[in-house]
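Read the numbers this way: they start at 1 and go in the same order the structure lists the ligands and their atoms.
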Amino acid sequence: MCGIVGYLGQRRAYDVLIQGLHRLEYRGYDSSGVAMINASGDLNIYKSKGKVEALEHFTQSKDLDGCIGIAHTRWATHGEPNDINAHPHVSQSQMLALVHNGTIENYNVLKEALTLHGYKFVSETDTEVVVQLIDYIMQTNGCSLFDAVREATRQIVGAYAIAVIDKSKPDEIIAARQSSPLVIGVGENNEYFLASDATPIIEYTNKVVYLNDGEVAIINHQTGLHIFDAHNTDESEIHITELKMSIDELEKGGYPHFMLKEIFEQPRTLADCISGRISSDAKSVVLSGVIENREKFINAQRIIIVACGTSWHAALIGKHLIEDFCRIPVVVEYASEFRYSNPVVNKGDVLIALSQSGETADTLAALELAKSQGAFVFGICNVIGSSIPRATHSGCYIHVGPEIGVASTKAFTGQVTVLAMLALLVGQMRGKVSEETLETVATDLRRVPTLIQDIFDRLNGKIEDLAKIFTYAHNFLYLGRGYNYPSALEGALKLKEISYIHAEGYPAAEMKHGTIALIDVDMPSVVIAIKDKVYEKTVSNIQQVKARGGKVVAIVTEGDEVVSALADHVLEIPAIVEPLTPLLTAIPLQLLAYYIAVNKGRNVDQPRNLAKSVTVE
Ligand code: M6R
């Protein structure tokens, strides 16, 4: 969590930093701050509780000069969100300013030791320990900032991406990373950008360098960029990656919220995701990461999928897809549980790490654990060059473009789409999927973008109206079965995270084992009742809800008359092969959550207490 930005060059650093903070605000918005060194050598630090806008307001009449600076947007872990705990943190000598993303696990021990050496701490953060430690090392060893940072990284335990500036060296930023992302943008004439992801950099340069774990970088306006291993004197080779991301993808494009833009982008994003991967005759699927590791998938004894949040819901759909098409047993684990559960991982296991951001700390740790135990590790991610794709043996991207809204929408459907293609391909390799089945499912997969557009055309206005009826409900139940039980979980999560209405996703048939006691006239149920193999059973479940006076919003297959007669409100989606139905049922669920949240006046793109990328435990 938290976003870091840095700049060194010829422009006014403040402008680059503020724009960068806006781009990274999705990573945390409890407080923000900037530190710049001006031409007279003053180190100016400005911090403010709340969003970046508050910082801009606060800095209006301040000295904002200087061509070097670092900045931070915070998602609080240690210490409440306030001005004092906001980054950048300054050293006791008043010479250094530092920003940090991550958590320092041994900060208490270090704090005690530094206190004995006369250091006084003003904040409650773990970060302040790092800047004081670097300061202490510089004072006692008389060494450079670079050497001190390198020494400090040997003493701190935890996850960090840090950027530090020294008032006495106004042409240099030192950066280091361990388990938290850091990207360096390389401009012309020794102009450099630094950020937690590439979004603040892309409008200036498409040339980036991804810092690796255990590396420390010197970014110097005269001598350029040099990267070293923190544990020895080896200089690393610099690999420049050219990004294809465009600035338009990072803007709202006329929509009131990123979330709505991203929902409506899905016909295009899924077309991009499928593009070049399903042949025009729909007879073959190509995922090079899978094909290159054919034997691993063919011989897999078991597939384990680790993920969190929405990605975990997509993983549950992936389990159905892989078990149906490949006949390989699949277990889906919360990454946070898996990593601490002493899991049994065998050499023949394939572990899939599923993550939009590619930075989720628990998912990254879970895959490292499985890798260390001999599993073949495959990543399915969205953010190109992020930590998970770089830690896995192989993988494939979902290619849905930057997802800025905290609530995941287009990434969810992208993940399900990739999992469907993977299941078809591996199933075919294992001889479990006939040519006919592959063609039928792949043909329907190619139709998904058009079918989603059809849902928008017919249902968007209707769902907006429906949302008005349910805006003031205090609780919601989301029910689904089979492929759409995870869809119910996802629908409930979408509503919870952006509207703050309590919602529970449940397997429809399980309801009668307890949850049914909650149903009354004030507790609406959203039921996914499409024509699948358990359709009749779901109809019975709806009857059980209706018999208790519950209101039912049903998502049904176009032309359904049975549920339409039973439910209070009906949303029709086009027919498609059952394994792909979650791609369509997701759409009305996303829109319903969105409009209810808007009606409640919520901050849809940046809901309270949340951040897009969860890089802490
Ligand atoms: O980047 P990831 O897919 O690993 O993120 C996992 C979750 O943090 C994420 O899906 C979260 O649940 C979303 N806010 C849900 O909309």
How would you list, by chain and number, every residue that makes a side chain to side chain contact (heavy atoms under 4.5 Å, CB included) with K462, sequence neighbours excluded?
->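 Applying side chain to side chain contact (heavy atoms under 4.5 Å, CB included) to K462 gives L459, L571.
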
Who passes side chain to side chain contact (heavy atoms under 4.5 Å, CB included) against E215, sequence neighbours left out?
->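 Testing E215 for side chain to side chain contact (heavy atoms under 4.5 Å, CB included), a comparison that skips the adjacent residues, returns L211, N212, I227, S236.
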
Applying side chain to side chain donor-acceptor pair (under 3.5 Å) between S408 and each of Q356, Q590, E403, H313, report the one that passes.
->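 Of the listed residues Q356, Q590, E403, H313, the side chain to side chain donor-acceptor pair (under 3.5 Å) partner of S408 is E403.
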
Can you tell which of H72, R74, H100, H78 makes a side chain to side chain donor-acceptor pair (under 3.5 Å) with T127?
->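 Of all the options given, the one that passes is H100.
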
Within the 4.0 Å heavy-atom shell around [X], which atoms of ligand 1 are there?
X: A407; answer: 16 (O)
X: S311; answer: 2 (P), 3 (O), 10 (O)
X: S408; answer: 15 (C), 16 (O)

From CA spacing to verdict: side chain to side chain donor-acceptor pair (under 3.5 Å), N460, E464 = CA-CA 6 Å; N460 182 43; E464 202 172 352; 4.7 Å; no

Should the pair R177 and Y160 be classed as cation-pi, given the thresholds of under 6.0 Å to the six-membered ring centre and 45° from the axis?
-> no

Nearest candidate to atom 12 (O) of ligand 1, where distance is taken over non-hydrogen atoms, out of A314, G309, A411 = G309

Option with minimal heavy-atom separation from atom 13 (C) of ligand 1, where the choices are V406, D362, T360 = V406

Considering only non-hydrogen protein atoms, determine which one is nearest to [atom] and report residue, atom name and distance to 0.1 Å.
atom: atom 8 (O) of ligand 1; value: V614 CG2, 3.9 Å
atom: atom 7 (C) of ligand 1; value: C308 O, 3.7 Å
atom: atom 11 (C) of ligand 1; value: T310 N, 4.2 Å

Between E497 and ligand 1, which residue portion shows a heavy-atom distance shorter than 4.0 Å: side chain, backbone, both, or neither?
->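 The answer is the side chain.
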
What do the steps show when you test L351 against F376 for side chain to side chain contact (heavy atoms under 4.5 Å, CB included), and what is the final call?
-> CA-CA 6 Å; L351 180 131; F376 172 72; over 6 Å; no

If you look at every heavy atom in I469 and H569, which pair is closest and at what distance?
->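 Taking every non-hydrogen atom into account, CD1-CE1, 3.6 Å.
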
State whether the shortest distance between N or O atoms of S357 and N or O atoms of ligand 1 falls below 3.5 angstrom.
->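 Between S357 and ligand 1, an N or O pair is found under 3.5 Å apart.
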
Polar contact flag for Q415 and ligand 1 (N/O pairs, less than 3.5 Å) = no

Answer yes or no for K494: is there a heavy-atom contact with ligand 1 below 4.0 Å?
->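 Contact present.
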
